[in-house]
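Each remark here refers to the structure printed beneath this line.
Nothing here was measured: the structure is a model prediction, and the numbers come from that model.
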Amino acid sequence: MADKGDLTHQAISSYFIGPEAENLDEFKANIATILDELEKTRKAYFPQPPDRKFIPPGVKSSKEFQRLTTKFRTVIGRAAKLLGEKSVPFWSPRYQAHMCTDLSMVSLLGYFMTMLYNPNNVAIEASPLSTAAEILVGEQLCELLGYNNQKGVQDSPTGWGHVTSGGTVANLESIWVARNLKFYPLSLYTAITEGQLQFARNDFLVKTCDGAEKNFADLSTWELLNLRSETVLDLPKLLYAQYGVSPTYIEQALDRYNIQTTGKEKLESAFQIAKPCRYLLTNTRHYSWPKGGAIAGIGSENMIGVRVDAEARIDLVDLVCKLEQCLREEQAVYAVVAVIGSTEEGAVDRLSEILRIRKRFQKRGLSFLVHADAAWGGYFASMLPRKLRKQEDQLAGILTNDRGFVPDLGLKVETQEDLLALKFADSITIDPHKSGYIPYPAGALVYRDERMRSLVTWTSPVINRGLLTNIGVYGVEGSKPGAAAMATWLANECIGLDEDGYGALLSEATFTCTRLAAHWAAMTTSEDSFICVALNRLPSEVNGGDVEGEKRFIREQILPKTNQEIVANDASMHTMTLLRALGSDLNINAFALNWRYEDGRLNDDIEEANYLMTRVIKELSISTPNDEPTKKDFFLTSTEFKHEEYGTCAEFLMDRLGIARSKQNLMVLRNVVMSPFLTEHELIDELVGRFRAVVEDAVQVCRDRNSIKPDIHRFYIQGTTNVFFVYRPRFQEARFRRQLILKGSFSQSGLDAYIKAKARGVVFLNTTQETCLEALLNEVSNNGEASFQGNLVDGDGNIISSISTSITQIIKNRSLNARNREPDYPPTYMPFYLYGSGSQHHISHILLKSPNIELGAANIQLTLDTPLDEDELTRGAILCLPTIPEAPMQPFPSANQGISDLDSRTDFFFRPGQKFKVKIWRDLKRAEESGPNLLPASLEGFGPEIAAGEVLLRGGEVLVDAESVNRDPFDTGAEESEQWRELFRSLEGVRVGE
């Protein structure tokens, strides 16, 4: 007999087909039942007298019928096989990448059975049952999120929700509602002062945002824009109560003035609104928010980002500062958005605090909606015990449940509070197709006050609870699958939106996520070849304490222990308390890696840390069509912490990684835990061991590419009377990562060979032996000259001859390490080094940022208004093309892709025979001085010019080289579309109709 404590996991095990298809027989049996009912339904329609057979046996046995059905069978078999081979194994606990997992069987069955009837929930006559299911889903989600479901409850509006295709559409609808709500008082004001409602001009009293009672027609524009949402929604009711005005008449009176008719710009002009209303939301918001702002006519620039804190939650201090600015400058705010589970980090914004902040600002005259984007986190409200959900404001404490060998892990106290606060948000986005384990597409939008839905419809319908209606009149979408509504209703109903249903399922996933978080937090010591740093800090890091001691406790008391051992040995609850504090607010872990040199030093270059993580994620994900998903034994994914979005959060993570702070984007790895089948530590240990092996292999590659060791080095040769060598750099490897211009000489025989070869095209010089470039340059610096044997090489890499070579001067020697590069390409000019001697002048493109392109021209013709001093050429000046801004051109195509073929690429700007306007400045940096801020952002920042005029690139003397500095070692994009086409060619021979 099974232990009663195991009942929870037994129940959860019945929800899914299973990683090894353990429950497929049950699934097949239900599919058979669905198909049996489909057959009965079709045969039962008008059985007496029966209709004639529309597809009689003679047709079915015909040659053409058999030919096509055979083709169907063949293509279905091949396509199913291809789908199985090329789909990621999201059903396996080994898949820890995106928000994908095994879907619940009941939702799949609900979708399948409804799909067979293809109901369209835009209209009830096309979808009677699935429309009813969508209404019931709205009620289910209202109850889950804490909204009132019963009409007539005092001091509590009735909630309402509906199904959308996803969170993007739900967010867009919420923006549409917020916009219309904000401008509704302006439309009503116009109707009262100029239109059909003028009878209410003198005595229609309303409460302003700060609680004062005023005549509506006497309100200022600022007061109209800041009426509280409940006041705006009550306006029709107040008009009816005072004047008996029907809703239909109000609708007619407002039709010519409302924003749906006139557009936002006309109302803004009429009320002299100079500053556009704003949205405020965290910088980690989903891309659907700026997209929605653009679609709704608000403008993405008015979706104002708020900084994030060290845990990637909204920075409340910055939010208050921005709200203070809006209040001070009388710039209205549509809404503040709280993200309840960011898709990259699983962070839950402090919704409870945002609601308290709104109360304070409303007392001062600034009101706005609060929307919760809980697309990811909404279903986690099911983890809250019913007793806790009923509390209005304060938490009674963390309620735990120790049933099962998989401990139910309570959410963080702050997260509990913020999930409880959902009941006070004005609207909520929630995606059943994410943490509801339901097939796409199944998003939803839920309103605290059902009257808000009427702001985005062209009618004023009244829904009586329990009666069907055309639910499609609400929101953005028209046609939408009733199958999604049925799948969601069945899953919610059968699994249950409480702590025994979805709450238990998500508790197991959350516990697994926490066990993985413990690995990421305490995986490495100073003895390891790399460090792993979790975004979410340990309690000792947050509060001050023995960080290494806490990591040691995790390694000794958590990582090697089974779930049973953790519970049995945790009499003081210290371990469970620590576990609860680990990882993100929900069930996503974000973490980053950095590697050590062999002597134990940490790499401090962000680009090299990113390279390590790029190699790791390439091994643990699908990056090309030729990858075989079924051969991957562990899946992770990655994201980027962009400097403009994550700011100090990214910089703080860089500090913890030992990386020098940079404005470059920081790569971050992440795992999303949705499977309830990974909870025992043996499989977790296996996956973590696989991860460690992949990282250690990648570290060796990083060490090699950052080692300063001998190699073959290559130079582009310029000049004849005096010879200059322009180094061909590569950003990817430290021994090639520099911009170098050298002056040198050949032996007489070598010079003769070079001049002869140059007559046939561009000539390069390779070191004959593997050479340490640093040693060569040091010899020049110390002795004034260095000699080596070199090979003259043509453009195809063929050796022309071996010659003796000397270096006599270092013109430019600047590191191209990430810390020495600029954050941006020059937006107003393109810079070159100018150097040479006598009558021969040469230029080479200054490489300020990666990726880049090497552009060089020898023996250019300068026509200047002021002659250049010979000393300027000797030390190297800076020549700018003031009419050629570099930023718009970057990035140039990689691997040459036709650029270097100047004869066929006559449209490329840098080619023989081209003339450019030029301005020339003295280079104020030393020859070997590196670092950022090498050049100013604009020409005005250079200082006094030393010359200006024109440059002519002479024919046959121009080098264009993208490959040496622009190549991405993982770039397969040029081949991807062809690879995908190739996958489907096995199906081409069975196309219908061939």
**Q.** Counterpart residues, side-chain hydrogen bond (donor to acceptor under 3.5 Å, both in side chains), relative to Arg73 (two or more places apart)
**A.** none
Q.
Holding to salt bridge (Lys or Arg N to Asp or Glu O under 4.0 Å), I want the full list of residues that pass it with Asp633, two or more places apart in sequence or in another chain.
A. Arg690
Q | Set of residues satisfying ring-ring contact (aromatic ring centres under 6.0 Å, His included) with respect to Phe691, sequence neighbours excluded | A | Trp520, Phe591
Q. With the threshold set at 4.0 Å, does a side-chain nitrogen-carboxylate oxygen contact exist between Glu39 and Lys43?
A. yes
Q) Can you list the residues that meet the side-chain hydrogen bond (donor to acceptor under 3.5 Å, both in side chains) rule with Thr639, with sequence neighbours excluded? A) Glu344
Q. How would you list, by chain and number, every residue that makes a side-chain hydrogen bond (donor to acceptor under 3.5 Å, both in side chains) with Arg94, sequence neighbours excluded?
A. Glu686
Q) Who pairs with Ser435 by side-chain contact (heavy atoms from CB on, under 4.5 Å), at least two apart in sequence or on another chain? A) Trp376, Tyr379, Phe380, Leu506
Q) Residues in side-chain contact (heavy atoms from CB on, under 4.5 Å) with His433, at least two apart? A) Asp431, Tyr440, Ala442
Q. Do Arg615 and Glu619 sit within salt-bridge range, that is, some charged N less than 4.0 Å from a carboxylate O?
A. no
(Q) Once ring-ring contact (aromatic ring centres under 6.0 Å, His included) is applied, do any residues pair with Tyr111, and if so which ones, sequence neighbours excluded? (A) none
Q: Using salt bridge (Lys or Arg N to Asp or Glu O under 4.0 Å) as the criterion, list what pairs up with Lys40, not counting sequence neighbours.
A: Glu37
**Q.** Non-neighbouring partners of Ser165 that pass side-chain hydrogen bond (donor to acceptor under 3.5 Å, both in side chains), sequence neighbours left out
**A.** Glu477
Q: Output the distance between atom CG (Leu620) and atom OG (Ser638), rounded to the nearest 0.5 Å.
A: 10.5 Å
(Q) Under the rule for side-chain contact (heavy atoms from CB on, under 4.5 Å), what residues qualify as partners of Val339, not counting sequence neighbours? (A) Thr282, Ser342, Asp349
Q | Validation row, ring centre Tyr95 to ring centre Phe90 under 6.0 Å | A | no
(Q) Could you work out, with side-chain contact (heavy atoms from CB on, under 4.5 Å) as the rule, every residue matching Glu22, not counting sequence neighbours? (A) Pro19, Glu20
Q.
By the definition side chain to side chain contact (heavy atoms under 4.5 Å, CB included), identify the one residue from Thr74, Val75, Leu82 that meets it with Arg78.
A. Thr74
